[in-house]
Structure formats: C-alpha cells, structure tokens
Amino acid sequence: MAKNIIIALLAIAVAGTGFYGYKEHREKNAVLVQAENNYQRAFHDLSYQMDLLNDKIGTTLAMNTRKSLSPALTDVWRITSEAQSDVGQLPLTLMTFNQTEEFLNNIGNFSYRTAVRDLEKEPLSEEEYSTLQRLYKQSAEIQNDLRQVQANVMANNLRWTDVERAMNTGNSPKDNSIVDGFNMVEKKVGGYAEASQFGPSFVAHKEKDEQYRQIKGKEITKEEAVKIARKLVPNSSSAQATVVENRKGSDFPFYSVTLKDTNSDQVSTVDLTKKVGYPIIYMNNRDVKEANISLNEAEKKAKSVLDKQHFTSMEMYESSQYDSVAIFNFVHVEKGVRVYTDSIKVKIALDDGGLIGYSAENYLKTNKERKLDKPKLSLEEAKKKLHNKVKLMENRLAIITDPGGKEVLCYELLGVMNNETYRIFINADNGDEELVEKLNESEAVSSL
C-alpha cells in the first residue's frame, strides 16, 4: 500500500514538473514571438520610410516656391526622424550601423535648417540644389538595398531573433542575408560620408563622436572589462563570459562583453570604452515578473547604479513605467544648470529591483568641461516671452542643443495652460523660443 502511494506521489511530481516546464517553454516562446514581431514591424517600417524619403526628396527637386518647398522639406525632416526611430528598435547593437544613422541625422539637419528659413528671400543655392540631387540618388540606393534585404527575409522566412541570438553568443547566423544586407548599406553610406557633402554647418554629430574618442585615461584589458561588466550585471559572478574587441568597422575603441548564465540561459551584453572602461550600453531582456517594488524605490536603485559609476552629479528629470519595468532619465547638473545633452538612461525591473538596461552613450559622447557664461537676459525678461495664458510653475537654467547641434544656454520654464503642462526653453542670450514640449503624465520614453 505504501509503495503504491509513493509511486502515485512520484507520478504526480513528474507530471507537475513536466507541466511547469511546458508552461515555462510556452512563456519563453511567447516572448520570442513578441520580440520577433516587433523587429519585423520596425524593419518593414524602416523600408517604408526609406521609400517615402526617396519620393519626398524627389518632389523637392521640382519645387521652387516657399509655399510648397518648406512643407516638403519639413516632411523630409519628419521622415528621417521616424526612420531613425525604426533603426533604434532593431537589434543592430551587435553590428556597426552608426554611419547610416549619421547619414539620416544629417539629412534631417539639412532639411530642417533649410525649411525654417525664409526661402523667398533666400532661395535654394546651386550648392544646396546639388546636395538634394545627391541625396535623392543616394536614398534610392539605400532604398533598393533595403528592398533586397526585405525580399530575402520574406522569401526565406528569416528571423531577427535568430540573428540576434547567434551574434550574442559570438556565432555566425546560419543565413547571413540580414547582416550582409545591412553591412552593404553601411559600407555604401560610408562612401557618402567621405564626400563631405553636408559642409561645415553639419558637423554636430561628428563632433559628438570626436568627444567619444577623446575620453582620457588608461586602456583596460579584456580581463578588466569582464570584471567591470560583472559589477554592473546583477548575479553574474558565475556567468560564462566572452569578450569581443572592436567589432569590424567601428571608429572608436571598445569592448563588448557577453555574460551567459548557464543555469537560466539568460544573456546580458555590456559595451565598454577601452579607455577607463566606462559602460556604454547594457541590455538584459529577461522576462520580468509581477511588480513588487514602487517607482520611488526603483528610482533609488537607479540612482545607486549611477553612484557606483561615480556619476554623482546626475539628477532624475523623467520617469516612466511600462508594466513591471521602470525607465529613468538622468541629466548632468553643473553649477545648478541642467545639461540635457549629458543624459543617462537606467532601466529597472520592478519585480526584484534589478538593473536590466543602461545607456550612457549620450553622456560619454558630449560630456566635457564647459565655460558657463552668465545669461544676458534676466529671468523677468525671459518670462515676458511666455504666452500670456501660461501660468509659470518652475524655472531653472539649462543647456540644450539647437537644430544645428550647437549648445545654447536657456531658461527652462515649466508652465500650465488649459490644464496641460509645458516645458518651454527661452534662449538666455537673445530671448528666442528654442523649444516647447508638452508634458504628459505617462510620457513615452524610448527603450534602451
């Protein structure tokens, strides 16, 4: 009798274990399917935006009046922004794609700066018209290359998650069509960049990269890179580590460390600068369970992450919660002035308070010694630039960048109008309205 009971209990235990394993397998598959769907959507959206971009640039070549040309160039700027957003949603961190992103950024800068000026008094120059012609031809080449990748993806049922997983583990994917296609685009765009087609007024993005390369300090070894990565990644002391040095085509020295937990198969990746070993980007796309800690507790944990990196001058200015994940945006404060270019994003899981994402890319590219001049305008003079229906709630000094990428000192004025909150930046030297943002209670924050 006792033997039968023991056998029955063992059978129940085996069945329970099998059911749990099956359920966990289904949940993992559901996460992978969702990730793949997001990647496919972003990729097809990117292809669509490049089609639109080529068409819109083509139409501007036939225009010559401000009435039609300014809106068309504004559309070009909008489309490049959306294309850059789609690029940011693809798992391209494991391959070099920075020159293509820079190309899109420069098109946006060119079109915006041209669209906002008085084209009746200052029409397109011959040089600018030639630039548009080149952009039309080059965008067509990128468009065709992306269409080829798109055709291969659809014909062969290729999956972005397979490519991401293979590259995370340091292996080559079975079908290299996606990687080869994007490398072809990057190589072609690199040729465009060598032509210096945008001239001296479009160097802001390049200057950021120069700052990235000018980090001062001693170069670390691969072993030191792994030690730094383990300190950043929770519970990774026993994880299997692999290090990749300077992926081919990179224009700045860095290490990419992959930490794989052999017990859970969780994979974390950390990119670090070779000099000093500053973490640039950290990602861990683990499945986050039900929230157990508050947003306030998560903020404290995010701040402690920055403190451990010795970023003690950071101030949280924006937070968002999506299901059981919290995202915090911190900004550097220098002598009471917020420097919005020097920002760091931190992503915290609300189930256990663990760090699952980190991006210091903007901070490491732009942080530098600055001479902070006193504003020429007084606060009272800046307030007069506000709409008379805006009720001022807060004010501070801040540094932002103008459309050309130049840093400008502003009065940051938070005000309320019609039960809506606005953040308004008034140039502290000439009183120009540099930027106006409408703030939402659950403002969307881009993923790390």
So, Glu141 side chain and Gln138 main chain: donor-acceptor pair closer than 3.5 Å or not? no
Ignoring hydrogens and geometry, is there a side-chain-to-backbone donor-acceptor pair from Arg230 to Ala239 under 3.5 Å? yes
Which atom pair, heavy atoms only, marks the closest approach of Asn329 to Ser343? OD1-CB, 3.8 Å
Test side chain to side chain donor-acceptor pair (under 3.5 Å), reference Ser256, set Thr242, Asp271, Thr269, output is Asp271
For Arg396 and Glu412, run salt bridge (charged side-chain N to carboxylate O under 4.0 Å, His left out): C-alpha distance rounded to whole Å, both residues' side-chain angles, the deciding distance at 0.1 Å, then the answer. CA-CA 5 Å; Arg396 63 175 63 86; Glu412 178 186 350; 3.2 Å; yes
Taking Val346's backbone N and O only, do any of them form a donor-acceptor pair with Tyr282's side chain (distance below 3.5 Å, no angle check)? no
Would you give the length of the straight line joining atom CZ of Phe330 to atom CD of Glu315, rounded to the nearest 0.5 angstrom? 10.0 Å
Quick one: pull up CG in Leu364 and CD1 in Ile281 and give me the separation to the nearest 0.5 Å. 10.0 Å
As a quick check of understanding, evaluate salt bridge (charged side-chain N to carboxylate O under 4.0 Å, His left out) for Asp145 and Arg147, giving each step before the final call. CA-CA 5 Å; Asp145 288 342; Arg147 281 181 176 177; over 6 Å; no
Just verifying a value: how many Å separate Ile426 CD1 and Asp429 CG, rounded to the nearest 0.5 Å? 12.5 Å
Provide the closest heavy-atom pair for Ala326 versus Leu295 in the form atom of the first, atom of the second, distance. CB-CD1, 3.5 Å
Over 12 foreign heavy atoms within 6.0 Å of NZ, Lys385: no
dist Glu369:CD -> Glu334:CD (nearest 0.5 Å) comes out at 8.5 Å
Looking at Tyr363 versus Phe311, is the centre-to-centre ring distance below 6.0 Å? yes
Is there a donor-acceptor contact under 3.5 Å from the side chain of Asn54 to the main chain of Tyr136? yes
Smallest separation among heavy atoms of Val288 and Leu350, with atom names: CG1-N, 4.3 Å
For Thr341, is there any backbone N or O sitting under 3.5 Å from a side-chain donor or acceptor partner on Thr366? yes
Any side-chain donor near an acceptor of the partner, Asn427 and Glu434, under 3.5 Å: yes
Taking Glu420 for the side chain and Met417 for the main chain, is one N or O donor matched with an acceptor at less than 3.5 Å? no
Donor-acceptor check, side chain of Gln309 to backbone of Leu306, threshold 3.5 angstrom: yes or no? no
Closest approach of Pro375 to Tyr411 (non-hydrogen atoms, all atoms of both residues): CG-OH, 3.5 Å
Checking Asp342 against Asn367: is there a side-chain donor and acceptor pair closer than 3.5 Å? yes
d(Lys374 NZ, Leu397 CG) to nearest 0.5 Å is 12.0 Å
Determine whether more than 12 heavy atoms belonging to other residues, nucleotides or ligands lie under 6.0 Å from atom CG of Asn418. no
Salt-bridge criterion met for Glu82 and Arg78 (N-O under 4.0 Å): yes
Considering non-hydrogen atoms only, spot the tightest contact between Leu132 and Ile57 and give its length. O-CG2, 3.6 Å
Quick check on Tyr48: does its OH atom have over 12 non-hydrogen neighbours (other residues, nucleotides or ligands) under 6.0 Å away? no
Would you compute the distance between atom CG of Asn144 and atom CG of Asp51 and round it to the nearest 0.5 angstrom? 9.0 Å
Distance under 6.0 Å and angle within 45° of ring axis: Lys347 vs Phe328: no
Short side-chain to backbone donor-acceptor contact, Asn284 and Ile356, under 3.5 Å: no
Using only atom types and a distance under 3.5 Å, with no angle test, would you say the side chain of Ser313 pairs donor to acceptor with the backbone of His332? no
Please identify each residue that fulfils salt bridge (Lys or Arg N to Asp or Glu O under 4.0 Å) with Lys376, with sequence neighbours left out. none
Please report the C-alpha distance between Glu361 and Lys365 in whole Å, then the side-chain angles of each, then the deciding distance to 0.1 Å, and finally whether the salt bridge (charged side-chain N to carboxylate O under 4.0 Å, His left out) criterion is met. CA-CA 6 Å; Glu361 197 169 13; Lys365 283 181 177 179; 3.7 Å; yes
Is the distance between the ring centroids of Tyr340 and Phe425 under 6.0 Å? yes
To check you understand the geometry: which heavy-atom pair defines the closest contact between Met50 and Leu146, and what is its length? CG-CD1, 3.5 Å
